[in-house]
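This report refers to the structure that appears directly beneath it.
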Amino acid sequence: MVSKFTAGLNAEQSRAVVTTEGPLLVLAGAGTGKTRVITHRIGHMLAQGVPARHVLAMTFTNKAAGEMKERIAGLVARQAAAELTVGTFHAFCVKALRQYADRIGIRRDFAICDGDDQLLAIKQAQRELQIPETTMQPRMCQSRVSLLKNRLVAPEACLDSDDAWEVDIGRVYERYDKSLRVRGMLDFDDLLLSLVRLLQDKAMLQTFRERYRYLCVDEYQDTNGPQYEIVRSIGGAHRNVCVVGDDDQSIYGWRGADISKILNFEKDFPNATVVRLETNYRSTVEILNGANAVIRNNPARHAKTLRSALGNGQAISIRKLRDETQEAQFVVEEIVKRVREHQTPLRDLAILFRTAVQPRAFELQLRQFGVPYVLVGGMSFFDRKEVRDVLAYLKLVANPADELSLLRVINTPPRGIGDTSIEKFLAVAAAQGLPLADVIQRSEAFPAIPATAAAAANRLLATLATLRGLQDGKDLVTLVREVVAAVSYAEEVQRCYPDPVMRAKRWEGVSELMNMAEVHARQRKDATLGTFLEDVTLNANDQEDADSQGENKLTLMTLHSAKGLEFGEVYLVGMEEGLLPHAKSLEDGNVEEERRLAYVGITRAKQRLTLTFVESRARYGQRVAVVPSRFVYEVQGLQAPTASPTRSKPVAVAKVAAKATKRRKAKTPTKP
DNA sequence: GACTGGGCGCTTTTT
DNA sequence: GCGCCCAGTC
């Protein structure tokens with residue numbers, strides 16, 4: 001079939017584009033024009049007369065959704081583009097739940113609980129259940145609970161377990177869930193789960209099936225249980241389900257992504273058309289050879305081999321450096337040289353790494369050399385204390401039941417409500433089964449509550465209530481400004497940071513938040529405090545890179561956030577055993593996902609790829625000898641040595657390394 | 001009730 | 001090596 005939308009595509013791509021009816025699995029290797037296929041396919045469908053409102057395209061990241069929207073907008077009429085539903089799974093769930101959540105007993109104006117609030121809520125639940133943080137790390141409990149949700153496991157299932165530890169997790173899980181419900185909150189996982197529940201209602205399911213007659217899922221290999229359920233139930237009747245993905249790029253197993261979903265698509269949707277995209281338009285032969293050589297070592301996969309459409313380039317460069325400082329220096333000097341001698345724009349360059357601690361050394365060097373850069377992920381804007389404080393106030397204005405935010409700011413700025421008073425508030429609230437705010441408001445009824453603290457807390461609640469009443473008819477920026485003023489936050493910053501330079505820096509976060517409110521109000525006609533907070537929570541990480549897009553800066557990011565992107569020249573740093581593959585994954589026997597991560601990193605590069613590793617690295621403040629990653633060997637088609645890792649190292653360093661290893665080992669058995 | 005210092009534990013990756 | 005939590009002091 002010849003179509004405007006297949007022009008310039010290869011045979012496989014065209015086949016995917018014109019297969020609009022029935023199930024379709026597109027196995028798209030890295031750089032094989034996947035996004036192009038998806039967008040052209042949607043364009044083709046619209047041209048064939050499919051009404052845009054019947055099309056639902058889902059991605060995992062905001063970045064991917066944004067790119068898809070943008071590229072579709074360039075292909076089809078503006079009206080049609082506006083009627084398409086394109087967004088992340090989470091955003092789609094929010095949209096649906098805002099409309100129908102009351103059907104499953106959830107208030108439609110629920111607030112979204114982000115990762116930090118989640119951690120606080122977990123800690124609180126543990127405290128209430130008297131499970132000390134030393135026995136159960138809240139962070140690990142948090143990820144465990146999230147994983148359970150992603151596997152569609154209810155708390156009750158854990159309570160029945162024979163494993164005492166699992167039972168404790170179940171108890172925290174149950175408690176945590178209840179606390180969110182009382183506060184009118186849903187966490188990220190709940191968003192998906194709630195839609196799954198909503199779709200269990202026959203009438204609702206029918207509504208969604210009628211509305212969304214054509215589904216398209218990007219990065220299908222990252223689909224977790226609830227996401228799969230959503231696709232399966234909405235797409236189950238009409239079976240117009242197109243999934244695009246690459247099992248070799250499945251890197252979210254730790255988050256509940258289930259690689260078997262893409263491997264089993266043909267079982268779930270019998271008679272599916274399968275299209276393989278193996279022609280790579282991104283990278284040189286050398287880079288793809290390296291990528292293929294690495295990924296070949298993974299046993300369970302849809303066999304495929306990337307072929308370069310570009311031809312030969314330069315060999316992959318592999319560098320050994322002494323330590324992380326040298327590594328950073330080498331890479332940054334190299335970058336400076338590339339920019340100077342080859343006029344390579346900085347935006348074509350990226351430094352990719354495994355963990356969030358690695359960029360530090362690079363940032364230091366980049367500053368020294370005056371190279372502008374963006375650090376994607378890592379310490380986010382939203383992690384800054386001032387930002388979190390102001391956001392907590394805003395959340396409280398929007399949702400008086402938000403106990404976590406109340407606890408966060410109840411004494412910031414200091415109001416004379418100390419820990420002991422808060423303790424008492426909480427004790428009464430727990431004993432009476434009342435929300436914290438109610439206890440404060442009716443404090444006279446409870447003799448256990450200190451009067452002065454209660455009075456101060458009541459003044460705060462009254463201020464918040466006034467602000468809440470002011471919301472309507474006020475523009476967002478004014479509202480934010482008024483909230484900040486009403487709680488004297490500027491004075492608080494002044495008090496904490498007498499140094500004017502420090503103070504200005506701290507205040508930056510607050511004013512940036514106001515800027516964001518302004519931008520949000522401009523973008524959405526129906527902007528409210530609620531939509532702003534939703535936007536902030538759902539798009540937390542993308543906000544910053546959107547601002548810096550188009551600017552000519554070097555990119556620093558984790559391998560996870562690099563997926564889906566490409567750069568002319570890539571520096572893949574910290575290629576060592578323990579980092580990539582990460583020690584934790586080695587412990588869990590999960591090298592394959594690490595290998596896919598390496599594969600993702602390698603395939604980001606278009607023309608030039610440099611791998612670096614060091615001889616020793618600071619860990620927990622101690623210098624430890626390290627060995628090159630097995631992937632450094634594999635990329636060259638070699639076998640990684642299995643011999644003792646520290647054999648040729650100086651004795652002093654080797655000793656430290658041995659000690660460190662012992663310490664690790666000694667700790668392991670204490671884990672259940 | 002606010003502030004300071006010692007001790008401890010930890011580091012995967014994110015919507 | 002850093003940040004967080006807790007205990008002790010003003």
Side-chain angles (χ1 to χ4, degrees), chain A residues 58-65 87-94 112-116 118-119 123 127 132-134 137-140 142-143 146-147 149-150 186-192 219 222-224 226-227 250-257 324 352-358 360-361 376-380 382-383 385 411-423 450 452-453 456 495-496 537-542 557-563 574 578-588 590 593-594 596-598 600-601 617-623 663-664 667 670:
Chain A
M58 283 182 289
T59 64
F60 285 82
T61 64
N62 296 299
K63 205 179 281 163
T88 62
F89 269 97
H90 290 87
F92 175 67
C93 291
V94 170
I112 301 166
C113 176
D114 67 15
D116 294 272
Q118 200 178 14
L119 189 62
K123 282 183 185 169
R127 221 174 309 132
E133 298 187 7
T134 42
Q137 298 164 28
R139 280 217 94 84
M140 113 98 75
Q142 176 191 19
S143 61
S146 174
L147 197 61
K149 287 188 177 195
N150 285 331
L186 298 180
D187 66 23
F188 286 125
D189 306 316
D190 290 332
L191 295 175
L192 304 171
E219 307 280 14
D222 292 331
T223 308
N224 66 24
Q227 287 164 333
S250 168
I251 55 175
Y252 285 104
W254 51 275
R255 204 170 83 186
E324 61 272 25
L352 306 182
F353 40 84
R354 177 64 175 84
T355 70
V357 290
Q358 285 169 268
R360 274 222 180 108
V376 180
M379 170 79 167
S380 151
F382 297 94
D383 293 337
K385 180 184 182 305
N411 206 32
T412 313
R415 301 188 172 85
I417 309 168
D419 294 343
T420 41
S421 303
I422 293 172
E423 240 10 271
T452 46
R495 189 185 67 85
C496 294
T537 332
L538 231 44
N539 304 321
N541 288 320
D542 293 25
M557 65 179 152
T558 63
L559 288 165
H560 282 88
S561 32
K563 193 170 66 162
L579 260 186
L580 183 68
H582 196 276
K584 207 85 171 183
S585 300
L586 289 173
E587 265 176 45
D588 304 346
N590 204 3
E593 185 152 309
E594 299 290 306
R596 292 193 289 266
L597 215 37
V600 166
R617 192 174 282 279
R619 262 195 95 146
Y620 298 116
Q622 266 187 323
R623 192 139 292 281
R663 211 162 34 133
R664 283 207 72 83
K667 266 165 59 184
T670 61

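Here is the naming used below: chain letters follow the sequence lines, and residue numbers restart at 1 for every chain.
Side chain of H582(A), nearest nucleotide from dT14(B), dT11(B), dT15(B): dT11(B). Comparing dT15(B), dC10(B), dG1(B) by their closest approach to the side chain of S421(A) singles out dG1(B). Comparing dT15(B), dT13(B), dT11(B) against the side chain of A356(A) picks out dT13(B) as the nearest. For S561(A), taking side-chain heavy atoms from C-beta onward, the closest of the listed nucleotides dT13(B), dT15(B), dT14(B) is dT14(B).
Across all strands, S585(A) comes closer than 4.0 Å to base atoms (heavy-atom distances). Here K563(A) lies out of heavy-atom contact (under 4.0 Å) with every strand. Counting non-hydrogen atoms under 4.0 angstrom, F60(A) reaches the backbone sugars and phosphates but no base.
Between the CD atom of Q118(A) and the C1' atom of dT15(B) there is a distance of 11 Å, rounded to whole Å. Rounded to an integer number of Å, the gap from R139(A) CZ to dT14(B) C1' is 11 Å. The CG-P distance, from D588(A) to dT11(B), rounds to 14 Å in whole Å.
Under the side chain to side chain contact (heavy atoms under 4.5 Å, CB included) criterion, S146(A) pairs with N150(A), D189(A), not counting sequence neighbours.
Using cut-offs of 30° and 60° for the angle between ring planes, the H90(A) and F188(A) rings count as perpendicular.
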Restricting both atoms to N or O, compile the protein contacts to nucleotides 2-4 of chain B shorter than 3.5 Å, with distance only.
unit_1	atom_1	unit_2	atom_2	d
dA2(B)	OP1	N411(A)	ND2	3.1
dA2(B)	OP2	N411(A)	ND2	3.1
dC3(B)	OP1	R495(A)	NH1	3.3

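Take the nearest nucleotide of DNA chain B for P450(A) and for E594(A): the residue whose nucleotide is more 5' is P450(A).
Here Y252(A) does not pack flat against the base of dT13(B), since the 5.5 angstrom centre distance and 30 degree tilt limits are not both met.
Along DNA chain C, the stretch of nucleotides lying under 4.0 Å from any heavy atom of chain A spans, 5' to 3', dG1(C) to dC5(C).
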